[in-house]
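Input: a single structure, listed below in structure tokens.
Hydrogens, waters and symmetry mates are skipped; everything else that's a heavy atom, side chains included, is used. So that the names make sense, note that chain A is the first sequence line, chain B the second, and so on, each numbered from 1.
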Number of protein chains: 2
Amino acid sequence: MSKKATIYDIAKELKITAATVSRALNNNPKISEKTRELVLATATRLNYKQNRLAVALKSGKSNNVGVIVPFINKNFFASVIRGIEDELYPKGFHVIISQTHEDKEREKKIIQNLINAQVDGILLSTSFTNINKDELRFELKKPSLFVFFDRTLNFKDISSVTIDDYQGAFDATEHLIQQGCKRIAHFDVDQNIELYKNRFKGYKDALKKHNVKFKGEYVISIKSNMEAGKEAAEKLMKLPVPPDAIFSSTDNGLLGAVKYLQSQSVLIPETFCVVGFSNEPFTKFLEPSISSVDQSPLEMGKMAAKVLLEQIEKNPVVNSKNDVILPAKLIVRKSSCKTKKN
Amino acid sequence: MSKKATIYDIAKELKITAATVSRALNNNPKISEKTRELVLATATRLNYKQNRLAVALKSGKSNNVGVIVPFINKNFFASVIRGIEDELYPKGFHVIISQTHEDKEREKKIIQNLINAQVDGILLSTSFTNINKDELRFELKKPSLFVFFDRTLNFKDISSVTIDDYQGAFDATEHLIQQGCKRIAHFDVDQNIELYKNRFKGYKDALKKHNVKFKGEYVISIKSNMEAGKEAAEKLMKLPVPPDAIFSSTDNGLLGAVKYLQSQSVLIPETFCVVGFSNEPFTKFLEPSISSVDQSPLEMGKMAAKVLLEQIEKNPVVNSKNDVILPAKLIVRKSSCKTKKN
DNA sequence: TTGTACGCGTTATCAC
DNA sequence: GTGATAACGCGTACAA
């Protein structure tokens with residue numbers, strides 16, 4: 001019972017050859033009913049388990065897919081991975097997780113590692129710090145297949161799955177305007193990141209459409225955490241003409257701002273409205289509940305997995321780029337409803 | 001550039017043997033400096049990547065570890081996995097994630113699958129629904145190595161890493177008593193699960209220690225979600241003598257209760273105190289902030305990984321069981337501080 | 001210091 | 001329908 005049984009053991013047991021056993025196990029049509037049953041029976045008796053490593057080595061397909069994220073214990077990424085796993089597992093793929101910790105060097109090493117592990121593809125949400133496209137570019141040179149999700153880099157031949165950050169930001173800002181807000185501030189995170197650039201653009205365009213004057217001092221770049229949001233809010237409220245609303249590209253940053261405003265007895269939403277981005281779980285439970293743009297992480301994960309599978313199947317003939325943009329959905333809650341409740 | 005380079009390709013290039021190449025690549029001492037450099041140079045030139053599949057097949061070690069959780073997109077599990085990955089990745093292991101969706105059959109299949117994939121070990125937080133120990137028992141019969149975490153089953157020869165649920169519950173309850181609460185209710189989840197049983201026991205023993213009478217009608221079994229907590233709170237408040245505090249084994253359930261109590265204008269913590277379990281992120285941000293017992297998921301993940309690694313190293317000689325119990329830490333916040341602020 | 005030969009567990013291509 | 005053999009990529013005794 002100590003060693004794992006192989007097809008060879010089964011063969012010896014039945015005085016047949018390993019090839020026959022393999023055929024029986026794989027439902028090869030050219031095999032007699034009798035031997036098949038015999039093989040299957042002894043297989044279970046010996047507690048035989050197919051060695052996927054050997055199959056992978058032989059076939060060149062590991063049936064493993066690598067997933068790279070900055071951190072796994074962040075609601076958004078955890079949910080994306082959930083979507084990926086839900087899509088991939090039923091098709092016989094395993095998901096190998098790695099975290100970059102926002103470290104560019106680590107990201108490179110992880111990619112190397114996954115390629116060494118012969119993964120059939122890699123789903124990647126790249127690190128903020130990874131600005132040097134060319135280095136990554138080198139890694140991405142086949143033979144593994146990549147798909148970006150959420151945090152993409154703009155390569156000509158690599159597919160990506162994102163949400164419509166521009167539209168989401170546009171809708172959020174327009175909603176604030178329609179609620180009667182006149183001076184809408186914006187929390188930005190990093191204009192080097194495509195996704196934050198798009199949100200900023202959506203914000204600006206919504207202002208323009210409704211003839212609301214854009215003011216540079218209302219836009220603050222912050223880190224995505226409470227402290228930064230708090231400081232930013234403080235700065236905003238000390239302006240000669242403070243804003244009466246914030247559209248934030250980060251829920252976490254907005255949270256700090258909300259806490260600060262409440263500590264200053266600013267009434268939300270009566271005199272000040274806020275909308276965030278990401279629809280983090282806590283937004284629903286706060287008092288007041290926070291409006292936010294949902295990123296449908298589960299769908300994103302599923303879609304990214306689907307796109308990858310397609311490319312794996314048609315590999316390596318076509319090099320078709322496929323950029324999927326999922327809709328961003330504004331979730332309106334109390335924090336942005338001056339007019340009535342919700 | 002299309003096919004992956006192998007040690008054979010390097011050998012041919014240099015008119016030496018694959019064996020020599022292998023030695024050079026593995027820093028075998030018995031090799032000339034010259035050839036080593038030559039090999040290394042052509043290796044990078046040909047963009048050679050070691051095939052971990054082949055190494056694994058040859059050595060019998062895949063350097064992959066399977067992790068099985070009910071869902072990955074739950075803060076607790078995501079954080080445990082983060083801990084596992086943080087511990088394992090630097091040692092050259094990859095983490096393969098699978099989710100059971102609380103489905104017992106799926107759990108069995110996943111274990112099979114991981115064993116087929118030749119993982120070196122499995123870290124498992126078992127499904128609620130998996131009550132039939134004997135079936136799982138069958139799967140667990142070597143040669144793979146298992147370690148349970150958080151949701152354990154009581155096997156005589158399988159290690160586990162948990163937190164001290166009993167102590168955490170005891171501390172939480174005692175804290176409520178010390179705050180002056182006289183009638184402390186308890187939200188239980190499922191007494192079939194070891195961990196909830198221990199929390200219930202901690203609750204009871206704390207009451208006993210302080211001579212607070214235990215009342216059966218104050219204990220309600222609920223699902224771990226808001227709706228269930230809401231209903232339970234409603235039921236409690238309609239009792240002839242309603243409680244003045246709740247110690248809940250689930251933060252999510254408690255959240256529903258809090259929302260209900262607030263809707264009924266019950267003052268928390270002035271006239272009603274609550275303490276939860278898990279220290280979910282939202283507990284910190286609510287108004288009032290919710291006291292909760294922290295489960296240190298990161299540490300749990302790291303510890304589970306460590307225990308597994310130890311067993312992998314001494315495998316297969318000793319079959320030493322190692323049950324690690326991490327401390328549970330009560331985080332006191334506003335929701336349970338009748339006396340002063342926090 | 002390097003080459004030879006073999007095995008890890010499977011599957012595929014020939015034969016018979 | 002089944003057997004024999006080669007091959008996937010690598011590491012390692014053994015020999016030279």
Side-chain angles (χ1 to χ4, degrees), chain A residues 2-40 42-43 46-64 92 113 115-120 143-144, chain B residues 2-40 42-43 46-64 92 113 115-120 143-144:
Chain A
S2 55
K3 286 221 159 192
K4 301 193 186 189
T6 73
I7 51 171
Y8 219 80
D9 299 323
I10 300 178
K12 210 183 319 183
E13 196 88 358
L14 295 173
K15 304 208 188 295
I16 55 178
T17 173
T20 310
V21 175
S22 172
R23 280 186 278 252
L25 256 23
N26 291 315
N27 288 322
N28 189 312
K30 297 281 172 197
I31 198 107
S32 80
E33 230 4 84
K34 213 189 308 180
T35 37
R36 185 201 313 288
E37 282 169 16
L38 235 46
V39 167
L40 257 46
T42 44
L46 298 182
N47 193 26
Y48 165 79
K49 304 248 163 64
Q50 187 195 49
N51 187 330
R52 282 184 50 177
L53 250 37
V55 179
L57 182 59
K58 186 81 174 79
S59 69
K61 284 201 75 227
S62 69
N63 278 292
N64 284 149
N113 252 308
I115 292 176
N116 292 3
Q118 309 297 116
V119 292
D120 295 335
S144 274
Chain B
S2 55
K3 284 221 162 188
K4 302 193 186 189
T6 71
I7 52 171
Y8 244 94
D9 299 323
I10 300 178
K12 212 182 318 182
E13 196 87 359
L14 295 172
K15 304 210 187 296
I16 54 177
T17 312
T20 311
V21 176
S22 172
R23 279 185 278 253
L25 257 22
N26 291 317
N27 286 324
N28 189 312
K30 298 282 173 197
I31 198 108
S32 80
E33 233 0 87
K34 213 189 308 178
T35 37
R36 186 202 314 286
E37 281 169 16
L38 235 46
V39 167
L40 257 45
T42 44
L46 297 183
N47 193 25
Y48 166 79
K49 305 250 163 64
Q50 187 194 51
N51 187 330
R52 281 185 50 177
L53 251 37
V55 179
L57 183 60
K58 184 83 174 81
S59 69
K61 285 201 75 228
S62 67
N63 278 293
N64 286 148
N113 253 308
I115 292 176
N116 293 3
Q118 308 298 116
V119 292
D120 295 336
S144 275

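Shown here is Lys12(A), whose NZ atom has no more than 12 heavy atoms of other residues, nucleotides or ligands within 6.0 Å.
Note on Ser22(A): a base of the nucleic acid sits closer than 4.0 angstrom, heavy atoms only. Using a 4.0 Å heavy-atom distance criterion, Leu53(A) is classed as making no nucleic acid contact. Heavy atoms of Ile31(B) sit under 4.0 angstrom from primed sugar atoms or phosphate atoms, though from no base atom. Residue contacts shown for Ser59(B) are absent, as no nucleic acid heavy atom lies under 4.0 Å away. At the heavy-atom level, Thr17(B) lies under 4.0 Å from base atoms of the strands shown.
A distance of 6.5 Å separates CG of Asn116(B) from CD of Gln50(A), quoted to the nearest 0.5 Å.
No donor-acceptor pair under 3.5 Å is formed between the side chain of Asn26(B) and the backbone N or O of Asn28(B). Judged by distance alone, with hydrogens and angles left aside, the side-chain atoms of Thr6(B) form a donor-acceptor pair with the main-chain N or O of Tyr8(B) at under 3.5 Å. Of the possible donor and acceptor atoms, one in the side chain of Thr42(B) sits under 3.5 Å from a partner among the backbone N and O of Leu38(B). Between the side chain of Asn64(B) and the backbone N or O of Val119(B) there is no donor-acceptor pair closer than 3.5 Å. One N or O on the side chain of Ser62(A) and one on the backbone of Gln118(A) form a donor-acceptor pair closer than 3.5 Å.
With no hydrogens or angles considered, a side-chain donor-acceptor pair links Ser32(B) and Thr35(B) at under 3.5 Å.
You can see that DNA chain C meets the heavy atoms of chain A within a 4.0 Å-exclusive cut from dG9(C) to dT13(C), reading 5' to 3'. Taking every nucleotide of DNA chain D with any atom under 4.0 Å from a non-hydrogen atom of chain B, the first and last of them, 5' to 3', are dG9(D) to dA13(D).
For Arg52(B), there are no salt bridge (Lys or Arg N to Asp or Glu O under 4.0 Å) partners at least two apart in sequence or on another chain.
Place Ala54(B) and Ala18(B) on DNA chain D by their nearest nucleotides, and Ala54(B) ends up nearer the 5' end. If Lys58(B) and Thr6(A) are placed on DNA chain C by their nearest nucleotide, the residue sitting closer to the 5' end is Lys58(B). Summary of the strand contacts: Glu33(B) and Leu57(B) both lie near DNA chain C, and taking for each the nucleotide with the nearest heavy atom, the more 5' one is attributed to Glu33(B).
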